[in-house]
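Within every chain, numbering begins at 1; the chains are lettered A, B, ... in the order of the sequence lines, protein sequences first and strands thereafter.
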There are 2 protein chains.
Amino acid sequence: MDHSEKKTQSRAESLYIAVKDMAISFKFKPGERINEVDLARRMGASRTPLREALNRLVAEGFLVLKQGRGFFCRDLKPREMFELYQFRAVLEVAAVRLACEQATEQEVAELMQFLDETGPDEDGQTSEELVTLDEYFHEKIMALSRNMEMSKTLENVNARIKYFRWVDMDSKRKTTQKEHRAIVEALMARDADLAAQRMNAHIAKRLDQITAAVKESYSRIYLVT
Amino acid sequence: MDHSEKKTQSRAESLYIAVKDMAISFKFKPGERINEVDLARRMGASRTPLREALNRLVAEGFLVLKQGRGFFCRDLKPREMFELYQFRAVLEVAAVRLACEQATEQEVAELMQFLDETGPDEDGQTSEELVTLDEYFHEKIMALSRNMEMSKTLENVNARIKYFRWVDMDSKRKTTQKEHRAIVEALMARDADLAAQRMNAHIAKRLDQITAAVKESYSRIYLVT
DNA sequence: GAACACATAACTGTATACAATACTAATCAT
DNA sequence: ATGATTAGTATTGTATACAGTTATGTGTTC
């Protein structure tokens, strides 16, 4: 019973995935120019499919294309990160409101169960793993809103602030979990206003720490391991 | 004193603009396959820059890329249009809330003046022109929110539902204008809740007419002029 | 007449070659 | 030294060629 359609993805597609990953984790430094021949050789492909992948990443905001000068990594500016964070809050607040109308009892129960299983007890996890867990929760909420378009956009926004979210994730585990719980409880009660308010507080809490977090991100990026 | 930097845009860039325009106005039929050699010849370019433009349009949701089968026009399904419309409402409601905090007195005054100048008197305009005017108003509001990321996304969402918005724009001019006015008045009073509520009502009004409007869009698309 | 198989044509995906532009560095003038 | 100028190099942007896949049409069988 194997429905895994292997699809034999094209070179351009796998390049897209790989390079996107590099962009997310700032393997390219902010503002850095990307040498096509170099990167193509390292990825074991030709420039044509690579450039197609790079173009997609430009459209998604991971890279910038400057006329005649090639592709560059996006900047890491506090202002942009602030806007993305604000955007994220807007999307998630809207999502949890819609989820209050759309989600089935079972789905909400499953979400609560997920929180139980990943409780605050086991905190031997890396910052990366915590972000992944956190992202999973938020994307699950978004899925309950039944709006694919908003889902896709949130996924993109999250990817663009992912690196940056690593920073302040340590040590916040227990609070996060508690807040997630409170959100799902409001969701269970179908109290859209309460859920929205809690979600907003949960995300907006960090808005004013952004400048500091961006600075810390820089050190992570330029620190040679 | 001519600061117009002509930038001599690349072939890929101009192709992107031209093909995007075609996609917005459904010059490609929903689900239709796009023949690269054909289109490249018609646009007077080679396939390489064309494919780069097409890849960007895939990332932006105007086209779909199917493995080994090429590029296709996006579908025009009621469900997707509904989601985009819902998304638009979310973005604009958030924008008007932020605008209440961020906009200067002068900016709000200018917006009101814009409404005065394009008043309900001159209704000898085409449906297209009305949509453009309507879009301008809404994008102006978004600009006042001071969030470029949300702005860009709204622009994308608007472009994808633009064709579809033509449909019910006729004859609604006076109501639209009145509602826009009411929104700006709430904005002037810095009443975020009222502004948000009015904006939401203004957009959500049409959510239930979408299936009908999509049907009408089909007839527009397939009607040979 | 319908369904299948096969051959042919058309088209996509990728590599490579070339032209135009931007960058680098060395030279010269101040 | 410092700044401008220019020759040379590296790199991007585009065209073209080719390989592999998908679509098409014909013929054959039932």
Side-chain angles (χ1 to χ4, degrees), chain A residues 3-23 27-75, chain B residues 3-23 27-75:
Chain A
H3 276 265
S4 66
E5 311 189 11
K6 252 283 164 262
K7 277 278 179 183
T8 54
Q9 65 189 2
S10 63
R11 209 68 119 244
E13 182 70 16
S14 60
L15 283 171
Y16 163 75
I17 294 169
V19 178
K20 179 174 177 176
D21 226 66
M22 296 171 71
K27 287 282 192 285
F28 313 111
K29 312 298 175 231
E32 183 192 7
R33 178 176 178 174
I34 294 172
N35 187 320
E36 295 173 17
V37 284
D38 236 53
L39 187 56
R41 179 163 37 227
R42 271 191 296 162
M43 310 296 276
S46 126
R47 280 178 60 218
T48 310
L50 173 62
R51 280 180 60 94
E52 293 193 357
L54 294 176
N55 269 288
R56 285 178 65 180
L57 293 171
V58 168
E60 291 178 6
F62 290 102
L63 303 177
V64 180
L65 175 57
K66 297 183 187 175
Q67 180 59 243
R69 309 196 40 229
F71 296 90
F72 293 77
C73 180
R74 71 193 187 282
D75 285 328
Chain B
H3 277 264
S4 65
E5 310 189 10
K6 251 286 161 255
K7 278 278 181 182
T8 55
Q9 66 189 1
S10 64
R11 206 70 124 248
E13 182 69 18
S14 60
L15 282 171
Y16 163 74
I17 293 169
V19 178
K20 180 175 178 176
D21 224 68
M22 295 171 71
K27 286 281 193 286
F28 313 111
K29 311 297 174 234
E32 182 192 7
R33 178 175 177 175
I34 294 172
N35 187 321
E36 294 173 17
V37 285
D38 236 54
L39 187 56
R41 181 163 40 227
R42 270 190 296 163
M43 311 296 276
S46 124
R47 280 178 61 217
T48 309
L50 174 61
R51 280 180 59 96
E52 293 194 359
L54 294 176
N55 269 287
R56 286 177 64 179
L57 292 171
V58 168
E60 292 179 3
F62 291 102
L63 303 177
V64 180
L65 175 57
K66 297 184 186 173
Q67 178 61 242
R69 308 197 42 230
F71 296 89
F72 294 77
C73 181
R74 70 192 187 281
D75 284 329

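For DNA chain D, the residues of residues 48-59 of chain B within the heavy-atom distance limit of 4.0 Å (strictly under) are B/T48, B/P49, sorted by number. Heavy-atom distances under 4.0 Å link DNA chain C to B/I34, B/N35, B/E36 of residues 34-42 of chain B, given in residue order.
Judged as a salt bridge (Lys or Arg N to Asp or Glu O under 4.0 Å), and not counting sequence neighbours, the contacts of A/R47 are A/E36. B/L65 meets the side chain to side chain contact (heavy atoms under 4.5 Å, CB included) test with B/N55, B/V58, B/F71; sequence neighbours excluded. The side chain to side chain contact (heavy atoms under 4.5 Å, CB included) test applied to B/F62 returns B/K20, B/A23, B/I24, B/L57, B/E60, B/R74, B/N156, B/A159, B/R160, not counting sequence neighbours. Partners of B/D21 by salt bridge (Lys or Arg N to Asp or Glu O under 4.0 Å), not counting sequence neighbours: none found. B/R56 is linked by a salt bridge (Lys or Arg N to Asp or Glu O under 4.0 Å) to B/E13, counting only residues two or more places apart in sequence or in another chain. Applying the side chain to side chain contact (heavy atoms under 4.5 Å, CB included) criterion to A/N35, with sequence neighbours excluded, gives A/V37, A/D38. Partners of A/R33 under the side chain to side chain contact (heavy atoms under 4.5 Å, CB included) rule, at least two apart in sequence or in another chain, are A/F72.
The minimum heavy-atom distance linking B/Q67 with A/Q9 is given by the pair NE2-CA, 3.7 Å. Smallest separation of non-hydrogen atoms from A/A12 and A/A53: O-CB, 3.8 Å. For the pair A/P49 and A/S46, the tightest heavy-atom approach, listed with the atom from each and the gap, is CD-O, 3.4 Å.
For the atom pair NZ (B/K29) and NZ (B/K27), the distance works out to 8.0 Å, reported to the nearest 0.5 Å. Going from atom CZ of A/R11 over to atom OG1 of A/T48 covers 11.5 Å, rounded to the nearest 0.5 Å. Here the CD1 atom belonging to B/I34 is positioned 6.5 Å from the CG atom belonging to B/L39, to the nearest 0.5 angstrom.
Between the CZ atom of A/R11 and the P atom of D/dA19 there is a distance of 15 Å, rounded to whole Å.
When side chains are defined from C-beta on, B/V19 counts as touching B/L50, because their heavy atoms get closer than 4.5 Å.
Each end of the helix from C/dG1-D/dC30 to C/dT30-D/dA1 gets its own axis, taken as the rotation carrying the C1' atoms of four end pairs onto the next four within a five-pair window, and the two axes meet at 10° to the nearest 10 degrees.
A residue-by-residue look at A/R47 and A/E13 shows that A/E13 has its nearest nucleotide of DNA chain C further toward the 5' end.
On the nucleic acid side, DNA chain C contacts chain B at distances under 4.0 Å to non-hydrogen atoms, with the end points of that region at C/dC11 to C/dT14.
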Show me the protein contacts with nucleotides 20-23 of chain D, counting only N or O atoms at under 3.5 Å.
unit_1	atom_1	unit_2	atom_2	d
D/dA23	OP1	B/R69	NE	2.2
D/dA23	OP1	B/R69	NH2	3.1

